[in-house]
Structure formats: structure tokens, C-alpha cells
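What follows is a set of notes on a single structure, which appears directly below.
These numbers come from the heavy atoms of this one structure, side chains and all, not from hydrogens, waters or symmetry mates.
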Amino acid sequence: MSPLNPSTVGFRPEFLDFERGIRVGNLEPNERITRLLKWALEERYGHSFVTDRWGRGVYWQWICFLPRADREAKSLSSKVNFGCAKFFIMMDRDEAVFKCGMQVERGYLKPPRNFPQIGLKDDWDWHRLVKGLTPGGRLTRELKRLVVREGFRLFVGNWDDAWTVKGKQFPSTRVLRKALNAAPPRDWAGFQVYYPMSPEEVRGSSGAELVESMLAVFEEVTSAMNCCMQIALPTSAP
């Protein structure tokens, strides 16, 4: 039986806690968002997915799901998740927003000597992201559609000083690329396309509705994510 059947989904809105994070601990299998989303993604796309996270204990702040095949395609970085584009969910406690979408990481241009694997490598998906930001290009068209028509937002830059793009005024590709390249070399930087959900939206939905919403967001960003990866996930778009 599909775990996304409302009668079998045990995930609940209160598991998205705007003060503590995303609850993942002390739960039954059908209550865990990691298990529900990973199962659904593998059923939908026919690929094995790797789960990663930031956080510890019962509540995590950020969880991602990346196609294993994209990681394995990398000649230099097949053992790490940093270089891969990924679906993600995140509880932004500072903004009181639950975020869901896709993410590409840059890593350090000058990594610490004792942790060289977090430095940007030539096979990371970041390079395809930056290269794909061309006037009229497929990636640019997808991003503009998501932001202007569908209400998504962009996170651009390093984690401590990011630029958020939202609303009807979509920037030029030159401006976007400049912002991506402006992140300090000793900072971890990245790019996110995400749909924001307020506490009211979360609390006004059932657990099954929230899981379906996350999967619908992943579906919306798949074409943009394909522009950044070495593999392509199937999409419903022509």
C-alpha cells in the first residue's frame, strides 16, 4: 500500500516546528518525512536517492534528497554529496518559513587544509548552474517561470549574506551570475529555488497534504534541476 495514502501517512503538521525544526526522531516509520519523501521520489523518478541532513537529535533544520546516479557520475566527487544538485526541505527559524525546493552548493574556493573535500571541484553541479544562466536559456526560462508565475523564490550567495529574489521583477542573468560569483572564497555558498510556506499554511494543512505539497514542489523544480545535473530525471513537461 502506498505510504502516501492519507489513511497510512502518519506525518503531522506539528512535526514542522517553527521554533525547533523538522521533527525526525522518536517517530514511527510512516511518520518520518525522510522515509515518506525518499519512497515517493524513488517511485516517481525510478532512481535511487541519497538522504543527507543538517541538524542533530530529534529535530533537523535541513534535509536533502539527491539522485545517487548523479553523484556516481562524478569522477572526482563520487564519494560526497556536496557536488550534487538536490531536492531539499528546510525550516528557516529566523524567517519563520518552511522552505521546499532544489539546491546547488558551491563549497569553498579556498577550503581549510584539514578538510579539502569541501572545496569546489571541477565536476560539481555548480558549474553547470552558472553556465546555464544565459539569456533565453532553458534554465533561465525555468527560473523565471517559477519565480514570476508560481511564487517561488531564489536564494543566491553565501549563507550569512544571501540575496533573495522574489516577485515579478526577475533579474538579468548577468546580475544573477555576478551575485553567484561574489560570494567570498572562504565562505560556503549556494543557490536555492524554493517555495515558502508560512506557519499558518502549515498548520492549516493535514500531514498528507503537506507531503503531497512537498512532492508537487519537487516536480515543479525538476526541469531546472536537470539543467544542473549530469543525469536527467523524467519530467511531465514536454
Side-chain angles (χ1 to χ4, degrees), residues 21-22 24 34 37-38 41-42 47-57 59-94 99-134 139 143 154-165 173-194 218 221-222 224-233:
I22 304 167
V24 295
T34 48
L37 291 180
K38 186 175 187 294
L41 287 170
E42 292 180 343
H47 278 269
S48 172
F49 278 77
V50 176
T51 305
D52 204 348
R53 53 81 171 137
W54 179 66
R56 62 180 62 183
Y59 290 90
W60 295 351
Q61 309 310 313
W62 172 90
I63 303 169
C64 77
F65 306 86
L66 57 110
R68 188 180 298 274
D70 185 49
R71 192 181 72 179
E72 292 178 345
K74 293 172 171 38
S75 58
L76 301 175
S77 308
S78 62
K79 303 300 182 182
V80 299
N81 298 330
F82 309 129
C84 300
K86 57 208 66 173
F87 298 121
F88 82 97
I89 58 175
M90 173 182 176
M91 184 58 71
D92 191 321
R93 293 178 295 176
D94 293 333
K99 300 177 178 180
C100 180
M102 65 156 281
Q103 175 174 314
V104 186
E105 296 166 78
R106 188 202 68 183
Y108 292 83
L109 299 183
K110 297 181 179 180
R113 290 185 179 181
N114 62 339
F115 203 8
Q117 59 266 44
I118 63 175
L120 178 65
K121 302 294 191 299
D122 290 342
D123 59 352
W124 282 29
D125 288 343
W126 178 263
H127 300 292
R128 275 171 285 277
L129 165 70
V130 176
K131 185 177 180 180
L133 290 172
T134 58
L139 176 58
L143 295 177
L154 305 183
F155 169 104
V156 184
N158 60 314
W159 303 110
D160 294 327
D161 185 25
W163 175 36
T164 300
V165 177
T173 53
R174 180 185 63 81
V175 171
L176 278 176
R177 289 173 66 128
K178 183 178 179 180
L180 290 172
N181 292 325
R186 296 188 184 276
D187 284 359
W188 192 270
F191 178 84
Q192 293 178 335
V193 189
Y194 68 90
F218 293 158
V221 301
T222 297
M225 191 160 137
N226 279 344
C227 294
C228 305
M229 296 192 298
Q230 288 177 254
I231 63 136
L233 298 173

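- Qualifying salt bridge (Lys or Arg N to Asp or Glu O under 4.0 Å) partners for Arg128, counting only residues two or more places apart in sequence or in other chains: Asp125.
- Looking at residues two or more places apart in sequence or on another chain, you find no side chain to side chain donor-acceptor pair (under 3.5 Å) involving Asp161.
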Test log, rule side chain to side chain contact (heavy atoms under 4.5 Å, CB included), inputs Ser77 and Trp124: CA-CA 7 Å; Ser77 308; Trp124 282 29; 3.1 Å; yes

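- Residues Gln192 and Lys99 have side chains that never bring a donor and an acceptor to within less than 3.5 angstrom of each other.
- Aromatic rings from Phe87 and Phe65 are positioned such that their centres are separated by 6.0 Å or more.
- Phe82 has its ring centre less than 6.0 Å from the ring centre of Trp188.
- Between the Asn158 side chain and the Ala183 main chain, no donor and acceptor come within less than 3.5 Å of each other.
- Residues passing the salt bridge (Lys or Arg N to Asp or Glu O under 4.0 Å) test with Glu42 are Lys38, sequence neighbours excluded.
- Side-chain atoms of Lys86 come within 3.5 Å of backbone N or O of Asn81 as a donor-acceptor pair.
- Evaluation of the side chain to side chain donor-acceptor pair (under 3.5 Å) rule for Trp163 yields no partner, not counting sequence neighbours.
- A search for salt bridge (Lys or Arg N to Asp or Glu O under 4.0 Å) contacts involving Asp52 returns nothing, not counting sequence neighbours.
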Arg68 and His47: CA distance, side-chain angles, deciding distance, side chain to side chain contact (heavy atoms under 4.5 Å, CB included) verdict: CA-CA 7 Å; Arg68 188 180 298 274; His47 278 269; over 6 Å; no

Side chain to side chain contact (heavy atoms under 4.5 Å, CB included) between Thr173 and Leu139, intermediate numbers included: CA-CA 10 Å; Thr173 53; Leu139 176 58; over 6 Å; no

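- Side-chain atoms of Asn226 come within 3.5 Å of backbone N or O of Leu233 as a donor-acceptor pair.
- One finds the CH2 atom of Trp62 at 10.5 Å from the CD1 atom of Ile22 (value rounded to the nearest 0.5 Å).
- The side chain to side chain donor-acceptor pair (under 3.5 Å) search around Trp60 returns none, not counting sequence neighbours.
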